[in-house]
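Working notes for the structure below.
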Amino acid sequence: MEECISVFDMLKIGVGPSSSHTLGPWRAAERFLEELKNESILDQVKRVKVDLYGSLSLTGKGHATDLSVMLGLSGQDPEYIPVENIAGIVKTIEDTNEINLANEYKIPFYFLQDIVFNKDFLPFHANGLKFTAYKNDDSEYESTFYSIGGGFVVKEERENAKIKEVIKCAFPFPIQNAVELLNYTVSENKSISEIVYENEKSMRSEEVIHSELMRIWNTMLECMYIGCHSEGILPGGLHVRRRAFDMHQNLIGLSNYTDPQSWLEEIRKTEVKFRQILKWVSCFALAVNEVNASLGRVVTAPTNGSAGVIPAVLMYYMVIENHDAGEKEIKQFLMVAGEIGSIFKKGSTISAAMGGCQAEIGVSSSMAAAALCELMGGTPAQVLMAAEIAMEHHLGLTCDPIGGLVQIPCIERNTMGAIKAINAAELALETDSKNAKVPLDKVIDTMWQTAKDMNSKYKETSEGGLAIAVNMADC
């Protein structure tokens, strides 16, 4: 029986800049605290040390891995913490050399000593981290976690990332690959989103599914809104100037609005020539990832580094293609996108540390292409074709962030992924699916083989590509 991955596993609300290097370690710290509580030793801890390994160490500073670990150990929740409080919490820890463990017990914490960056890699995954709790009786409790992409965290005792040992649920339509998904749509005479909805209903009520999908969309919309109305320089030392603000100003003109929803309505009234559409889609994607780069709240879709693609394409559909689109289309889009992402996770990877940027921008573009294709009237076979086309033209894309920051080339890559998704959907809609030459499952397998063949310096280590061709001094 296969592991069931929900739409809400693939689309998570969290804090930037990275799902694997920020959200994952944050969640790992939370799980470590849970272990201490379950062992009834939390109140016996006098010191905690965190060892970061591999990619988490090599690009951890730029991805705020150290900050996320401190926030996680402090008992803060990335989904709900007011982002404006983050800097203050971190500064208090640094200034006082104390951490409020699980928000319950204050213990000494010297972040320069108690968070250790180890450049060597642990054997299971490139993103490893080990927590050590030192107890009052001088005994120790250790626990090792791996952040495997998209905010997913696993323990080291799992021998193989592809072996699904824990059955989390029992979907009526368990799906391991694209062929199985397509077969269900045929046998049940349902669209992909309808199959996904039936699966989700086995875990949650219809009311919860509705409210949570809308919460995800509203977070995406607010993120685009904030990004389009924020100017200045992104943190981190590269001195990257925000571009969404100026681009938005030129596009929106003198329109009047007061909130994200009225803003959306005003965009629907703007000019829709090709150049303007191209700029709007790029603007939406830039906005999200500029918010992500400044430790803002985003939706991991399927990762933080690729968080701009799906909202940009959905926003495109709502403000350009269908002015009557509302909650029904939003939910449909997100369910299709989430399912395609889960198939990639099962058959390959959504971790740039394992597969390069093809695992992030490539997967997000594929998810968005499929979702858009269904909304535009595509058959299930055409929807899967759209996903295949989008990934086919991201194969081999490296992850080489300058300075270890999720800024260059990451932010621009979201605009490219969004545009490719729209193009892929249109190509699929104009193609008879019987003439498809490359099945989605084949391109997913090819992506995984490419990931395994890729040199590690192109897998989110900042040891190759643009990351060494362009250094901080050049910026």
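Positions are given from 1, in the same order as the sequence printed here. Atom set for the values below is all heavy atoms of this structure, side chains included, hydrogens, waters and symmetry mates excluded. Keep in mind that this is a model prediction, so the values were computed, not measured.
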- Task: Verify the distance criterion only: is there a donor paired with an acceptor across the side chains of T349 and S351 at less than 3.5 Å?
- Result: no
No-hydrogen, no-angle side-chain donor-acceptor test under 3.5 Å, K12 and S19:
no
Original post:
Going by an N to O cut-off under 4.0 Å, is there a salt bridge joining K459 and D453?
Top reply: no
**Prompt:** Taking the six-membered ring where the residue is Trp, are the ring centres of H21 and W26 under 6.0 Å apart?
**Reply:** no
Using a strict 4.0 Å threshold on nitrogen-to-oxygen distance, state whether E142 and K49 make a salt bridge.
no
- Task: State, yes or no, whether a side-chain contact exists between D51 and L129 at a heavy-atom distance under 4.5 Å.
- Result: no
The single option from K135, E35, E39, Q44 that satisfies side-chain hydrogen bond (donor to acceptor under 3.5 Å, both in side chains) with Y141 is E35
- prompt: Does the T65 side chain pair with the main chain of K61, one donor and one acceptor, at a distance under 3.5 Å?
  reply: no
query = Are L334 and M220 side-chain neighbours, meaning at least one heavy-atom pair lies under 4.5 Å?
reply = yes
Electrostatic pair E94-K91, nearest N-O below 4.0 angstrom | no
Handout entry: Stepwise side-chain hydrogen bond (donor to acceptor under 3.5 Å, both in side chains) test for T450 and Q358
Key = CA-CA 9 Å; T450 304; Q358 61 174 356; 4.7 Å; no
_For E198, is there an ion pair with K201 - N to carboxylate O distance below 4.0 angstrom?_
yes
Problem - Flag side-chain contact, heavy atom, 4.5 Å: R204 against S6 - result: yes
query: Are the side chains of L73 and F32 in touch, meaning some heavy atoms are under 4.5 Å apart?
result: yes
Of all heavy-atom pairs linking I81 and R297, the shortest is O-NH2, 2.6 Å
